[in-house]
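The next block holds one structure in the form of structure tokens; read it before the comments.
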Amino acid sequence: MGASGLDTSVPHSARIYDYLLGGKDNFEADRIAAEQIMKGSPNLAVSMRANRQFMARMAGHVAREHGMRQFLDIGTGLPTAPNLHEVVQDIDPAARVVYVDNDPIVLVHARALLTSTSQGRAAYLDADLAHADAIMRSPEVRGTLDLSRPVVVSLIAMLHFIVDDAQVNAVIRTLLDPLAPGSMLAISTLTADSAPEEVARGVAGYRAQGIAAKARTREQVEALFGGLELLDPGVCLVHHWHPVPGRPVPADDEVFVYGGVAVKRPR
Ligand SMILES: C[S@@+](CC[C@H](N)C(=O)[O-])C[C@H]1O[C@@H](n2cnc3c(N)ncnc32)[C@H](O)[C@@H]1O
């Protein structure tokens, strides 16, 4: 293991995902792990591409249709065009984004995530979602985002790595509590509803690589938004969330990721 805490002989979720998306920022252990998992779950790459496209559509939608200009993206992953700040700064160059991830290799590439417009801001924080309170108190969050104004918290394709629902709920509360009314929570996470057998094999495949993973039902994903008001169309398979008219979409049993966005209303 290097001084950075990076052990390239052990597969890691960020780099497996990068490989599945066709990226170059992965190591042999990640490629072997991804190929192994895909033996049981051949549509994993289709699902992950649909997820990445959901991230970009979600960010564009809330920026364009709801005027959101501040984003806290946790579990950012390796830079993959378009990155969230590129989507939202294309709509308003003054938009601000804080990226958070706990993978040392994402940290190495963070500079690529920090190419903000001069009018906007992008910051990177090396932190674990388990320490949500430290994230919310961090100089990166406090110095980049104005918490008296609405913020979108995005947890895209990362909650399935936290298997304990109580921990996920506590983390979400800690992230949302300090935020102003009008703030939003965007989630995408693994489900087995659309392809039970394939996803069971995929989850077992991740676990065999030492990576905890959990698939959640639609009801369980809706429950993660408890106390918030889900935006149209609610929780659905990610390729059905405000699809781009005319763009081909995969079949439902090829996509095992639910997505949704909800807003925090004034009490
Ligand atoms: C599958 S990738 C998703 C990347 C990006 N959000 C997307 O959907 O395109 C999951 C990311 O979450 C990060 N991650 C996993 N567990 C985490 C944790 N507890 N705290 C912070 N980041 C975490 C991984 O390092 C990885 O970069």
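Because only heavy atoms are used, hydrogens play no part in the values below, and waters and symmetry mates are left out as well, while side chains stay in. In listed order, ligands and their atoms are each counted from 1. Each residue takes its place number in the sequence, starting with 1.
Remark: ligand 1 and Arg52 share an N or O pair separated by less than 3.5 Å (distance only, no angle test). Checking only distances, Ala130 never comes within under 3.5 Å of ligand 1, N or O to N or O. The distance criterion of under 3.5 Å between nitrogen or oxygen atoms is not met by Leu78 with respect to ligand 1.
Annotation: atom 9 (O) of ligand 1 to nearest protein heavy atom, Tyr17 OH, 2.6 Å. Looking from atom 18 (C) of ligand 1 to the surrounding protein, the closest heavy atom is Asn102 ND2, 3.3 Å. Among protein heavy atoms, the minimum distance from atom 19 (N) of ligand 1 is reached at Asp128 OD1, 3.0 Å. Ranking protein heavy atoms by distance to atom 10 (C) of ligand 1, first place goes to Ala157 O, 3.3 Å. Looking only at heavy atoms of the protein, atom 16 (N) of ligand 1 is closest to Met158 CE, 3.6 Å. Leu129 N, 2.9 Å is the protein heavy atom nearest to atom 20 (N) of ligand 1. The protein atom (non-hydrogen) at minimum distance from atom 5 (C) of ligand 1 is Thr76 O, 3.0 Å.
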Practice prompt. Show your reasoning for whether side chain to side chain contact (heavy atoms under 4.5 Å, CB included) applies to Asp193 and Phe256.
Written response: CA-CA 7 Å; Asp193 288 359; Phe256 0 103; over 6 Å; no
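Here is the list of ligand 1 atoms found below 4.0 Å of a heavy atom in Asp103: 25 (O).
The only option from Thr8, Asp103, Asn26 that meets the side chain to side chain donor-acceptor pair (under 3.5 Å) definition with Arg15 turns out to be Asp103. Screening His85, Gln89, Glu86, Arg121 against Ser116 for a side chain to side chain donor-acceptor pair (under 3.5 Å) leaves a single residue, Gln89.
Residue nearest to atom 13 (C) of ligand 1, selected from Ile105, Leu84, Asp101, Leu21: Asp101 (by heavy-atom distance). Closest heavy-atom approach to atom 6 (N) of ligand 1 within the set Gly75, Gly77, Ala14: this belongs to Gly75.
With no hydrogens or angles considered, no side-chain donor-acceptor pair links Ser47 and Glu254 at under 3.5 Å. Side chains of Thr174 and Asp133: no donor on one and acceptor on the other come within 3.5 Å.
Of the heavy atoms in His12, only side-chain atoms (C-beta onward) come closer than 4.0 Å to ligand 1. Contacts between Asn51 and ligand 1, counted as non-hydrogen atom pairs separated by less than 4.0 Å, involve the side chain only. Proximity of Ala127 to ligand 1, defined as any heavy-atom pair under 4.0 Å, is confined to the backbone N, CA, C and O atoms.
Hydrophobic clustering (ILVMFWY, side-chain heavy atoms < 4.5 Å, transitive): Leu78 and Val10 are in distinct clusters.
The aromatic rings of His61 and His66 sit tilted relative to each other, their planes meeting at an angle between 30° and 60°.
In this structure a side-chain-to-backbone donor-acceptor pair under 3.5 Å is missing from Gln70 to Val152.
Taking every heavy atom of both residues into account, Gly77 and Asp101 meet most closely at N-OD2, 2.9 Å.
Ring to ring, Tyr206 and His160 are not that close: their centroids are 6.0 angstrom or more apart.
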